[in-house]
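Residue numbers start from 1 in every chain, and the chains themselves are labelled A, B, ... in the order their sequence lines are given, proteins ahead of strands. Keep in mind it's a predicted model, so treat the numbers as computed, not measured.
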There are 2 protein chains.
Amino acid sequence: MSKGLQTRDTALREALAQASHVGLKNITIGTLADSLSMSKSGLFAHFRSKEQLQVDVLDHAADLFTRTVIQPALKEPRGLERLRALVDLWLGWDGYADWAMPGGCIFISATMEFDDEPDGPVRDRLVAQQQQWFDSLETVIRGAVREGQLREDLDTLQFAHELYGLMLGHHVASRLLRDPAARERAHTALDRLVAAASPGAGTPAPA
Amino acid sequence: MSKGLQTRDTALREALAQASHVGLKNITIGTLADSLSMSKSGLFAHFRSKEQLQVDVLDHAADLFTRTVIQPALKEPRGLERLRALVDLWLGWDGYADWAMPGGCIFISATMEFDDEPDGPVRDRLVAQQQQWFDSLETVIRGAVREGQLREDLDTLQFAHELYGLMLGHHVASRLLRDPAARERAHTALDRLVAAASPGAGTPAPA
DNA sequence: GTCAGAATCGAACGACCGTGCTTTTATGGT
DNA sequence: ACCATAAAAGCACGGTCGTTCGATTCTGAC
């Protein structure tokens, strides 16, 4: 790898770490340069604008997410086992303290920062990534359906959304409220979610 | 109301609106002053620091939340009816477009901004508010238990957390993904949550 | 070892940041 | 109508922001 690409990579790693706890909007070329013992302008040259840096950080994070969450989960046998592995890896990702993302999942914080922003390169990329993530979730869920472990007529997209909500709840409980029971609560919620989608479960309740 | 308090109130209203879409961290005395056709220093005098302004904005939002969500819900008969009313009002609150909070629920965005911040006046206030909100949720849920509409041995705190996760999911679906089905999905999730907690429902599934 | 090109630096820019001070203007009780 | 006081304005400060540009140093193929 050429010197330039190597520096760029190091910079992105540090930028991700900083973005995870001050927010993607609030990373600063100057602060980042200091952390890397570089000049502002020297660092700046690698990305041609702050906006581009933000997009690159998102891409870097997505790569990392794929390698540390999605791919390992795909090694588990298809079905509920894979789904549970995915959730566990996901919970681990959100708690990636000390290295990579001391401030917790960057996609969650970036979502809240850019959700009501007008369209733009950063928001667009983020939306695309999240939609792709929902696709992956649905695929894994459908795997469990095909294995006969979840019921045939399950609304897999709804399931994916509820799973996502569960993870968001975990994020708040563990990070803001610092609740030691957060992880256990997430598992409980997942169990209930799976139970309601099991082939045995009757059509639920009155509206 | 004296002139000073009136100005202060107007300022807080505007500050809340701006904070809801640039984030509580990123509101600016200067921008805020311009929006109010005031001088920076004239506005600044009302709050003695930016940090104090942020705390005051949170308090202002909490007041508004109590008046528009909690109190109206308390007019419904205790039990599931009240719980569903609360959720509907809550969904409305998160979509308070055009006035008050064009950027969606400020507590959600503030949570993501301050979750991994060290303790401080702003974070502390936010945590206290959220914990109080969880208490209110639990109280309403317990009301449904006492009415015999939810089962006796229900873990009401777990229920509250899952309900909160559901709302967070709605926030993402409606604001980031702009999914028109977001509200319907939230209702579906609530139905499932209630169904699983109904007195009829058997002890769910294998671990 | 040379030399083109890549990588980095240093200095500067205009703009805006939060905050402190002093002065001007508006308010409202008497 | 007066006047103490409250509210707002004006101005300045040191700092940081993203970005530009020209000069400098380093890298790596030949």
Side-chain angles (χ1 to χ4, degrees), chain A residues 1-60 109-110 113-114 117-118 120-123 125, chain B residues 1-58 60 110 113-114 117-118 120-123 125:
Chain A
M1 180 156 44
S2 75
K3 182 82 193 311
L5 289 184
Q6 180 181 321
T7 302
R8 193 189 132 94
D9 204 66
T10 309
L12 282 176
R13 212 163 22 238
E14 177 65 24
L16 173 58
Q18 296 190 4
S20 90
H21 81 262
V22 302
L24 195 55
K25 270 185 187 170
N26 299 329
I27 49 174
T28 264
I29 312 266
T31 306
L32 189 51
D34 282 353
S35 309
L36 298 164
S37 303
M38 282 185 70
S39 65
K40 264 205 304 180
S41 48
L43 172 63
F44 183 85
H46 286 274
F47 317 92
R48 296 186 312 281
S49 70
K50 177 173 179 178
E51 201 173 53
Q52 187 58 51
L53 168 63
Q54 291 170 322
V55 171
D56 290 348
V57 167
L58 280 181
D59 284 342
H60 177 74
S109 51
E113 287 186 284
F114 287 91
E117 207 85 342
V122 184
R123 198 197 125 98
R125 179 70 107 253
Chain B
M1 180 156 46
S2 73
K3 181 80 195 310
L5 289 183
Q6 180 182 322
T7 302
R8 193 189 132 94
D9 204 66
T10 309
L12 282 176
R13 213 163 21 240
E14 178 64 24
L16 173 58
Q18 296 190 5
S20 90
H21 81 262
V22 302
L24 194 56
K25 270 185 187 170
N26 299 327
I27 49 173
T28 266
I29 312 265
T31 306
L32 188 52
D34 281 353
S35 309
L36 298 164
S37 303
M38 282 185 67
S39 65
K40 263 205 304 179
S41 49
L43 173 64
F44 182 84
H46 286 274
F47 316 93
R48 298 186 311 282
S49 70
K50 177 173 179 178
E51 202 173 54
Q52 188 57 52
L53 169 63
Q54 292 171 320
V55 171
D56 290 348
V57 167
L58 280 181
H60 177 73
E113 287 186 284
F114 287 90
E117 206 86 342
V122 184
R123 198 198 123 98
R125 178 71 106 254

Protein-nucleotides 20-22 of chain D N/O pairs closer than 3.5 Å?
none

Nearest whole angstrom, please: distance from the [atom2] of [N] to the [atom1] of [X].
| X | N | atom1 | atom2 | result |
| --- | --- | --- | --- | --- |
| Leu5(B) | dA26(C) | CG | P | 20 Å |
| Leu43(B) | dC17(C) | CG | C1' | 14 Å |
| Gln54(A) | dG18(D) | CD | P | 9 Å |
| Phe47(A) | dC17(D) | CZ | P | 16 Å |
| Lys3(A) | dG5(C) | NZ | C1' | 14 Å |
| Glu51(A) | dT19(D) | CD | C1' | 14 Å |
| Gln6(B) | dA6(D) | CD | C1' | 14 Å |

[Y] side chain reached by [X] side chain, heavy atoms, under 4.5 Å:
| X | Y | result |
| --- | --- | --- |
| Val122(A) | Leu58(A) | yes |
| Val22(A) | Thr31(A) | no |
| Thr10(B) | Leu36(B) | yes |
| Glu117(A) | Lys25(A) | yes |
| Phe47(A) | Leu12(A) | yes |

**Q.** Residues in contact with DNA chain C, drawn from residues 26-39 of chain B - heavy-atom cutoff 4.0 Å
**A.**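 Per residue number, the list reads Ile27(B), Thr28(B), Ile29(B), Gly30(B), Thr31(B).
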
Establish, with yes or no, whether the OP1 or OP2 oxygen of [N] is under 4.0 angstrom from a side-chain nitrogen or oxygen of [X].
| X | N | value |
| --- | --- | --- |
| Thr7(A) | dT8(C) | yes |
| Lys50(A) | dG18(D) | yes |
| His46(B) | dA8(D) | yes |

Q. For the residue pair Thr7(A) and His46(A), what are the closest heavy atoms and their distance?
A.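 For Thr7(A) and His46(A), the tightest heavy-atom pair comes out as CG2-NE2, 3.8 Å.
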
Q) When rounded to the nearest 0.5 angstrom, what distance separates CG in Asp34(B) from OG1 in Thr28(B)? A)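 Output value for this atom pair is 10.0 Å.
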
Q. In Å and rounded to the nearest 0.5 Å, what is the NE2 to CZ distance from His60(B) to Arg8(B)?
A.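 Between atom NE2 of His60(B) and atom CZ of Arg8(B) there are 10.0 Å.
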
Q: Just call it for Ala45(A): base, sugar-phosphate, or nothing, with non-hydrogen atoms closer than 4.0 Å on any strand.
A: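 Ala45(A): base contact, heavy atoms under 4.0 Å.
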
Q. For the side chain to side chain contact (heavy atoms under 4.5 Å, CB included) test, which of Gln52(B), Gln54(B), Arg48(B) pairs with Lys50(B)?
A.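 Considering Gln52(B), Gln54(B), Arg48(B), a side chain to side chain contact (heavy atoms under 4.5 Å, CB included) with Lys50(B) is found only for Gln54(B).
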
